[in-house]
Number of protein chains: 2
Amino acid sequence: MNDVKLYCFAQSGNAYKAALMLSQIGARWEPVFVDFFNGETRSAPYRSTVNEMGEVPVLIDGDVKLSQTGAILTYLAGKSGKFGGGDERAKLEVLRWILFDNHKFTSYLATYRFFHAFTKDPDKGTMEFLRGRMTGALGIVDKHLTGQPFVIGSAPTIADFSMCGYLYFPPEEFGIDIAADYPSIGAWLGRIKALPGWKHPYDMMPGHPLPPR
Amino acid sequence: MNDVKLYCFAQSGNAYKAALMLSQIGARWEPVFVDFFNGETRSAPYRSTVNEMGEVPVLIDGDVKLSQTGAILTYLAGKSGKFGGGDERAKLEVLRWILFDNHKFTSYLATYRFFHAFTKDPDKGTMEFLRGRMTGALGIVDKHLTGQPFVIGSAPTIADFSMCGYLYFPPEEFGIDIAADYPSIGAWLGRIKALPGWKHPYDMMPGHPLPPR
């Protein structure tokens, strides 16, 4: 794949999921920087011309334009024939964990980090709520990864690329050290990091560090 | 399809998504009641034998056992050849909205309703946070449905069955009247309700009304 564009920014774990997959399948792609922190995704032009859902990432591949990382990952797995998970049963298992990731990690864990790292004085009750949901989900995943190297077995799939999306950001952005507190998750993150060509989100997408605001 | 089992309970919009699809494809299925309000999904036996993710619904079809409604809907669409969305591009659009539903409606709107309807004195800050996310998502969907009858065009798909999952519960469970406040969503809910065999979640799954606690 060549001349693929990905609307993204460095601090977006969702964009990282797609960027990691693009690099792992050897696609030639370039980032289109989205100025999230100055409100670009909430702007009328972004919503009317880039993504009505008001989110990052968006993938452009020829006349294909896709948002939602789970859909982007599924599309890229189909097109490349890589990391999709094999037979139909395996593909459903992959989808099951991508959905879990969207529901639990993206909604709660990513939002917890966002408030902790990028806002001032987040609401205490909301943080407590998000932290409860986040740690519940982390516990489930840590248990799942005990005794198996990747999310659906012995080889990495888009379920891994989806679920690890927010987990390479530094502990200080969360206020907790996830890799240390959940050892099976920590070991699994190490295995993904060891894949040839792996890069940290801050080295793969534009916009880090944030300018002073 | 015959002898399908669905682990569910009446108040679960997620279970309703699967139940609605099962009835729309004419499957013969029976509910297995899960006593969510007394902690069954959080129990060790449920997590070790039914669903490690600790959630409802779970579908049993012969030797296939699946959780995550998005995966269940995708499986049932594949097996029945109905409501899946046609070609690959349409299937990706369906998946895109199922993911949006999981991220935005299930995480925020469903949780807002849960706290409002089924807990005492929910935390004000958390409710404000959830309400902001919920109304943002409802606005996006209302706009999307203005001028097109169903989520990905002129015919219903599993994206519709997924996204409507929590929206037939009565307004008092939310404290707002979603169908009235978002007219395009209201009209769309009317179109789904008009499908032959449609039933309300409280008439389709066991456990309503809740016993006094």
Side-chain angles (χ1 to χ4, degrees), chain A residues 14 42 47-48 51-55 58-59 63-76 78-79 88-89 91-111 115 122-130 132-133 136-137 139-141 143-144 162, chain B residues 14 42 47-48 51-55 58-59 63-76 78-79 88-89 91-111 115 122-130 132-133 136-137 139-141 143-144 162:
Chain A
N14 277 326
R42 293 190 300 277
R47 295 206 170 190
S48 63
N51 183 5
E52 67 181 307
M53 292 174 182
E55 294 176 320
V58 174
L59 179 90
D63 66 343
V64 171
K65 179 176 152 186
L66 267 183
S67 78
Q68 291 290 340
T69 24
I72 293 171
L73 292 172
T74 302
Y75 168 75
L76 293 174
K79 186 157 176 182
E88 285 310 306
R89 286 292 273 275
K91 282 188 169 59
L92 283 170
E93 273 303 293
V94 165
L95 176 59
R96 218 163 69 83
W97 285 101
I98 286 176
L99 290 159
F100 179 90
D101 176 49
N102 268 255
H103 178 194
K104 299 292 170 70
F105 279 3
T106 306
S107 299
Y108 304 130
L109 178 149
T111 307
F115 285 144
D123 176 71
K124 280 204 178 67
T126 304
M127 291 302 278
E128 195 181 319
F129 160 73
L130 291 171
R133 297 284 172 129
I140 286 168
V141 173
K143 190 170 179 189
H144 178 76
S162 186
Chain B
N14 277 326
R42 293 189 299 278
R47 295 208 170 189
S48 63
N51 183 7
E52 68 181 306
M53 292 175 181
E55 294 176 320
V58 173
L59 179 89
D63 66 344
V64 172
K65 179 175 151 185
L66 266 183
S67 78
Q68 291 290 342
T69 26
I72 293 171
L73 291 171
T74 302
Y75 167 75
L76 293 174
K79 185 157 177 182
E88 284 311 307
R89 287 290 274 275
K91 281 188 169 62
L92 283 170
E93 272 304 292
V94 165
L95 176 58
R96 219 164 68 83
W97 284 101
I98 286 176
L99 289 159
F100 179 90
D101 176 49
N102 269 255
H103 178 194
K104 299 293 171 70
F105 279 3
T106 305
S107 299
Y108 304 130
L109 178 149
T111 308
F115 285 144
D123 176 69
K124 280 203 178 67
T126 304
M127 291 302 277
E128 196 181 320
F129 160 72
L130 291 171
R133 298 284 172 129
I140 286 168
V141 173
K143 189 169 179 190
H144 179 75
S162 186

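Residue numbering restarts at 1 for every chain, and letters A, B, ... go by the order of the sequence lines.
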Region of B/Glu88 that comes under 4.5 Å of a non-hydrogen atom in chain A: neither
Minimal non-hydrogen separation, A/Leu92 against B/Ala71, with atom names: CD2-O, 3.6 Å
Contact winner vs chain B - A/Met127, A/Glu128, A/Lys91, A/Lys104, heavy-atom pairs under 4.5 Å: A/Lys104
Exercise: identify the closest heavy-atom pair between B/Arg47 and B/Gly54: NE-CA, 3.6 Å
Sidechain-backbone polar pair: A/Asp101 side chain, A/Trp97 backbone, donor-acceptor under 3.5 Å: no
Max heavy-atom pair count under 4.5 Å with chain B, selected residue of A/Leu99, A/Asp123, A/Ile140: A/Leu99
A/Glu52/B/Arg96 ion pair, N-O < 4.0 Å: yes
Chain A contact via B/Asn51 - which portion, at a heavy-atom distance below 4.5 Å: side chain
B/Val94 portion near chain A, given a 4.5 angstrom heavy-atom threshold: neither
Atom of B/Ser107, atom of A/Tyr108 and distance for their closest heavy-atom approach: O-OH, 3.1 Å
Part of B/Leu130 within contact of chain A (heavy atom distance under 4.5 Å): side chain
Chain A contact via B/Phe105 - side chain, backbone, both or neither, heavy atoms under 4.5 Å: neither
Check: A/Ser67 side chain, A/Val58 main-chain N or O, donor-acceptor pair, under 3.5 Å: no
Residue among B/Gly70, B/Gly78, B/Gly139, B/Gly136 with most heavy-atom pairs under 4.5 Å to chain A: B/Gly70
